Amino acid sequence: MKPNLSALPPPPSNPNEELRLTFPVRDGVVLEPFRLEHNLAVSNHVFHLRPSVHQTLMWRSDLELQFKCYHHEDRQMNTNWPASVQVSVNATPLTIERGDNKTSHKPLHLKHVCQPGRNTIQITVTACCCSHLFVLQLVHRPSVRSVLQGLLKKRLLPAEHCITKIKRNFSSVAASAGNTTLNGEDGVEQTAIKVSLKCPITFRRIQLPARGHDCKHVQCFDLESYLQLNCERGTWRCPVCNKTALLEGLEVDQYMWGILNAIQNSEFEEVTIDPTCSWRPVPIKSELHIKEDPDGPLAKRFKTMSPSQMTMPNVMEMIAQLGPGPVPGAQGPSPYPPHPGQHGSGNGGDYPGPGNSYHGQGNFDFPHHNPSGGVGGGGGPP
Ligand SMILES: [Zn+2]
Ligand SMILES: [Zn+2]
C-alpha cells in the first residue's frame, strides 16, 4: 500500500516561499536587546559581520539575521512594532509587516541588505517607543518540509511500539478501574476506545499522525498542521491534552498511520480500537440507516482489522516523496539529535531541556562566547 501523500504540498520553486519554522541560534545574538532613548527620533545602531559569517548566511537558505521589536513586559518576546517605527539598514528602507492585528507582526530579515564588515540599522520613530526593546539575532529557519523529513527519519514510533503502548494503556485503565470496584466483581470489561481520524487543529483528515513525547492519549494530530501552527509564535502545546509538545520530542505513530492508509479513500471520521489493537471504522451517520446483508460490500468496509492484517506505511518512501533531503553544506546537518534505536516510548532524557533552541550546529562558523570580535559586536550610535 502506498503512503497517503495527497495532502503534502509539492516543493515550491522559490525557496523563499517555503513555510519555515524559526529558532534562535545559540550564541547568535548580534545586538543584545536595547531600548531607544526617550523621545529620540532617529538613531543608528552599528553591528559587524565577519566575512565568513556573512558568507555562511548567504550560502544557507535556512539561516537569517532577524531584527525584531517587542514590548519590554512581554516575556515571550513576541514581535510587536509600534506604529511609528521605521527601519532602514545600510540606507535601504525596509517594509515592516504588521498584518491585521497585534499578533500578526513579523520580524524583519536583514541578511539580503547586509554586507561583510560594518552595517548600520537606522531606527526612526515619530512617537516615543521606549517601552519597547529591539534585538538582532541569528535564527535558524528550517522549512516545514525539511523538519517533516527529519522527524520521519528520527521520530517514527514503529507500529509494534505504538501497539504495546496502546495495550499498556488499556491494562492500566482496567487496573485502576478494578481498584475502585468495591464489591470485588470480576473486573471491569475493557471497552474499545474511539479515536478520531480528524486533526484537532484543522478538523481535516490527519495525514501524518503524531503526538508529543509526554502525551498519554491515543488520539493524534496532523504533524504538518502542528508545525504550521507553531511557525510564527510557537507555544508548542499538544492540541489534544495541552501538554508541552516540543519539536524534538514529537512522535509519528506508524500504527495510526497504517489505519489512515487503510481507509484513505473513505469518508470515515472515527475508528474504534479494542484492547488487542484490532480496529474498525465507525460508520458515519448517513450510512447507519442503510440496511444490507451481512456479507454485502458495505459490511465488508466495517470489518475489524487486526494489526497483523495491516500494511504498515513505508517511511523511506514517504521521505523520498517529500523531495530531496538537506544537501550537506547548503542546508547543514539535521537539526535533530540522534535517537538511539528509535525506541520512542517512555524514554525521556534524550533531548535537551525545555525550549526549542538548537544546540551543536555542526558546521556553523559562528564563534561562541566571544563578545568582542564575534558575530556582532559594536552597537550604539556611531
Ligand atoms: Zn519614552
Ligand atoms: Zn497530548
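Along the sequence shown, the residues carry numbers beginning at 1. What you see is a predicted model, and the numbers here were worked out from it, not measured in a lab. Whatever order the structure lists ligands and atoms in, that order sets their numbers, starting from 1.
Protein atoms of type N/O/S that fall under 2.8 Å from the Zn ion (ligand 1) number 3 in this view. Protein nitrogen, oxygen and sulfur atoms, that is N, O or S, within less than 2.8 Å of the Zn ion (ligand 2) amount to 4.
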I would like to know whether Asp222 and Gln207 meet side chain to side chain donor-acceptor pair (under 3.5 Å); could you show each step before the answer? CA-CA 6 Å; Asp222 180 62; Gln207 302 299 322; 5.9 Å; no
Report the C-alpha distance between Gln309 and Ser306 in whole Å, list the side-chain angles of each, state the deciding distance to 0.1 Å, and finish with yes or no for side chain to side chain donor-acceptor pair (under 3.5 Å). CA-CA 5 Å; Gln309 293 169 298; Ser306 73; 3.3 Å; yes
Show your working on side chain to side chain donor-acceptor pair (under 3.5 Å) between Thr92 and Asn90 and close with a plain yes or no. CA-CA 6 Å; Thr92 305; Asn90 298 330; over 6 Å; no
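The environment of CD in Glu160 is crowded: more than 12 heavy-atom neighbours from other residues, nucleotides or ligands sit within 6.0 Å. Counted within 6.0 Å of CD on Glu97, heavy atoms from surrounding residues, nucleotides or ligands total 12 or fewer; the atom is thus considered open. Crowding of Arg204 atom CZ: a count of heavy atoms from other residues, nucleotides or ligands under 6.0 Å not exceeding 12.
Rounded to the nearest 0.5 angstrom, Leu36 CG and Cys69 SG are separated by 7.5 Å.
A salt bridge is defined here as a Lys NZ or Arg NE, NH1 or NH2 lying under 4.0 Å from an Asp or Glu carboxylate O, and Arg211 with Asp253 meets this definition. Contact check on Glu64 versus Arg141 returns no salt bridge, with no Lys/Arg side-chain nitrogen under 4.0 Å from an Asp/Glu carboxylate oxygen.
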